[in-house]
Amino acid sequence: MTTAPDTRPTAVLDSAHLGDIQGAFGTIRVDDTARRTGLRRKLRTLVAIVGPGLIVMVGDNDAGAFGTYTQAGQDDGTSLLWTLLLLVPVLYVNQEMVLRLGAVTGVGHAKLITARFGRFWGAFSVVDLFVLNAMTIVTEFIGISLGLRYLGLPEVPGVVAAAVLVIAAVSTGSFRRFERLCMVLIAGSLVLVPLSFLAHPAAGAVVHGFLVPGFPRGADLSTVMLLVIGIVGTTVAPWQLFFQQSYVIDKRITPRFMGYEKVDLVIGIVIVVAGGAILMTVPAAVFGGRAGAGHFTDAGGVAVGIGHAVGHLAGVLFAIALIDASVIGAAAVGLSTSYALGDVLGMRHSLHRSVRDAKGFYAVFAGVLALAAAVVLVPGSPLGLITVGVQVLAGVLLPSATVFLLLLCTDRAVLGPWVNGRWLTLFTAAVVAVLVVLSLVLTVSVVFPAITSGQVTDVLLGGAALSVAVGVVFLVRTRRGRAGAAAGTRIGGGPVGGAVAGLEARVTSATDRASWRMPPVEQLPAPQLSPGRRLGLTALRVYLVVAVVLVVVRVVQLALGH
């Protein structure tokens, strides 16, 4: 049985975001609202929905991830594999909240931040995303050039060809064609599996590295902590939040298919963790006990080492995987930029539209990729500093992105019946606290490179103590707020209180949670920020400005040789 689709006005900004779901492997008509019964029908629905979670996760194992994971393996063996398992719940919680925001609101991440927290934070999120993404795409083309170099192919024509290929793939005017190309690239990333068999990593060491947390023996704590923070920064990156939310919207996925999209996300997380593990264990097996151990240079050096120790075929497989990962990373990171600017600037922004119909959207994408490719090809470009800068800025900016993600997912005006539950909110708050502490350590270590292991420990302990204190205050205020709301004192009178009360009535009277979507942004009641949240956002603003300025100054000093 099918019913007419919900015709209530929603916040969807581009009309191309409404209509049939046209996935790489199937179509779901917009008027197909029948229940999915039977395994065969459920599987057909899943293969049509799969895409956003898979692409964002595989795109996460990009050139930067290749460099970070292989450095961990070459320098520290399998001792840091456990960090990948710890990041699994963080990845799932962050990206699940993002896909929920996309499916329920129909509005991109940057637009929601602007609507609920003001123009400053909206502009800040877009500007820092643009800068960080542009630098990240430079690292993708660095990865392509390193892979081409190992394969003995000309780098300049190869980088140009890769940029043209990615721009052409995105600009076909067909969402389905783009997603199918992404699936081909995802299949290409699986060449890491035979590479793992060729390298023969020790199974016992791999299992121990996964299940027993610890640090390399005799290693400097500050150095290891920076590498751990690098793993966190390359695995949980700000661009992922913006990309997946907008891609879910562009694929026209609604709350009805939330369960299928969660399965898609889980599949992507399994692949990204498996890929990260291979990228750690293969160099650990190749360089362990040899002269190259502890002397990481870049992913190209890893390819050479693999080729010498395992055989030319293994080196070729690694180089192909590096190029493949860099291409899909460039496409995903570039699209996150175009989506965000399209949302905020009111441009048409959909892969369903032709170039003629969405000139600004495609021009931003092509411009960012062309600029990044040009930087890589210009002789004397500080590519090493750009790579370091990407990791550092991603680590510094990630906490703010996660803070806004948490605030949006606890905003009932935005998500209605889809808001976070209490335990999810507490877990996410704990994740935010950890990210803030790690960000602080990263900032301090970059600005003061001579920092000692003892000082790193002091920063960690001080940050942990402060986080616990803030958490206690938060819990106390939350309980008091709930008691006040129950007594009818929290919403109060006036037009804002009436609007919130009306929205609550709409939410609680909904007969089908799966059909609820956020109303147009202009119809939302004005957000009511408590004094505590305003103080917290102000402190976050000050920290980000200071941290970013200090990091930029330090990077410039390094570039000038000071």
Side-chain angles (χ1 to χ4, degrees), residues 1-58 95-108 169-170 172-184 186-187 243-268 332 335 339 348-354 357-358 415-418 510-518:
M1 176 181 179
T2 60
T3 58
D6 191 354
T7 57
R8 287 177 299 184
T10 66
V12 172
L13 300 176
D14 191 321
S15 59
H17 296 159
L18 298 172
D20 298 342
I21 295 174
Q22 299 174 354
F25 306 120
T27 299
I28 301 175
R29 293 182 58 83
V30 67
D31 58 355
D32 179 4
T33 57
R35 293 185 60 188
R36 265 56 185 171
T37 57
L39 180 60
R40 183 177 180 181
R41 177 155 187 151
K42 289 180 178 179
L43 287 176
R44 289 179 62 184
T45 302
L46 176 61
V47 296
I49 294 294
V50 72
L54 191 57
I55 294 171
V56 75
M57 287 292 97
V58 175
Q95 298 306 130
E96 187 276 336
M97 288 193 292
V98 164
L99 73 87
R100 195 162 13 112
L101 281 172
V104 174
T105 69
V107 175
V170 169
T172 63
S174 170
F175 185 96
R176 172 169 288 167
R177 278 197 290 268
F178 170 76
E179 188 162 276
R180 284 178 174 170
L181 177 62
C182 286
M183 294 304 169
V184 172
I186 289 170
F243 173 79
Q244 188 174 6
Q245 184 166 333
S246 292
Y247 196 82
V248 164
I249 295 167
D250 205 5
K251 192 163 183 177
R252 302 164 176 170
I253 294 174
T254 63
R256 290 184 54 242
F257 301 103
M258 195 78 74
Y260 294 96
E261 184 51 40
K262 289 180 181 180
V263 174
D264 170 41
L265 177 59
V266 169
I267 294 172
L335 273 175
Y339 278 135
R348 293 174 175 176
H349 53 296
S350 172
L351 292 173
H352 293 282
R353 293 188 179 277
S354 66
D357 200 25
L415 283 183
W418 292 96
T511 57
D512 185 2
R513 182 170 178 256
S515 68
W516 196 91
R517 301 199 76 183
M518 189 181 81

So that I can tick it off, tell me whether Asp32 and Arg41 are bridged by a salt bridge, with the cut-off set at under 4.0 angstrom between side-chain N and carboxylate O.
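Salt bridge present between Arg41 and Asp32.
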Considering all heavy atoms, the nearest [X]-[Y] contact:
X      : Y      : result
Pro255 : Trp418 : CB-CZ2, 3.7 Å
Val107 : Gln245 : O-NE2, 2.7 Å
Gly268 : Leu54  : CA-CD1, 3.9 Å
Met183 : Ala24  : CG-CB, 4.0 Å
Pro52  : Lys251 : CD-CD, 4.0 Å
Ile21  : Ala48  : CG2-O, 4.2 Å

Within-4.5 Å side-chain heavy-atom neighbours: [X] and [Y]:
X      : Y      : answer
Val30  : Leu18  : no
Ile28  : Arg252 : no
Met518 : Leu415 : no

Pair His17 + His349: ring centers closer than 6.0 Å:
yes
Please tell me whether Ser174 and Arg180 have a donor and an acceptor in their side chains that are separated by less than 3.5 angstrom.
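On atom types as modelled, these side chains do not qualify, holding no pair under 3.5 Å.
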[X] side, atom [atom1]; [Y] side, atom [atom2] - distance, nearest 0.5 Å:
X      : Y      : atom1 : atom2 : answer
Ile249 : Thr254 : CD1   : OG1   : 12.0 Å
Leu99  : Glu261 : CG    : CD    : 5.5 Å
Arg36  : Thr45  : CZ    : OG1   : 4.0 Å
Arg40  : Lys42  : CZ    : NZ    : 15.5 Å
Arg353 : Phe175 : CZ    : CZ    : 14.0 Å
Gln244 : Glu96  : CD    : CD    : 9.5 Å

For the pair Val47 and Leu43, evaluate side-chain contact (heavy atoms from CB on, under 4.5 Å) and give the outcome as yes or no after the intermediate values.
CA-CA 6 Å; Val47 296; Leu43 287 176; 5.6 Å; no
With side-chain contact (heavy atoms from CB on, under 4.5 Å) as the test, would you mind laying out the steps for Phe243 and Ile55 before giving the verdict?
CA-CA 10 Å; Phe243 173 79; Ile55 294 171; 3.9 Å; yes
Under the 3.5 angstrom rule, does the side chain of Asp14 hit a backbone N or O of Ala16 as a donor-acceptor pair?
yes
Are Asp250 and Leu335 close enough, and set up right, to give a side-chain contact (heavy atoms from CB on, under 4.5 Å), and what steps lead you there?
CA-CA 11 Å; Asp250 205 5; Leu335 273 175; over 6 Å; no
Once the angle between the rings of Tyr247 and Tyr339 is folded into 0 to 90°, is it parallel (under 30°), tilted (30 to 60°) or perpendicular (over 60°)?
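Because their plane-to-plane angle is over 60°, the rings of Tyr247 and Tyr339 count as perpendicular.
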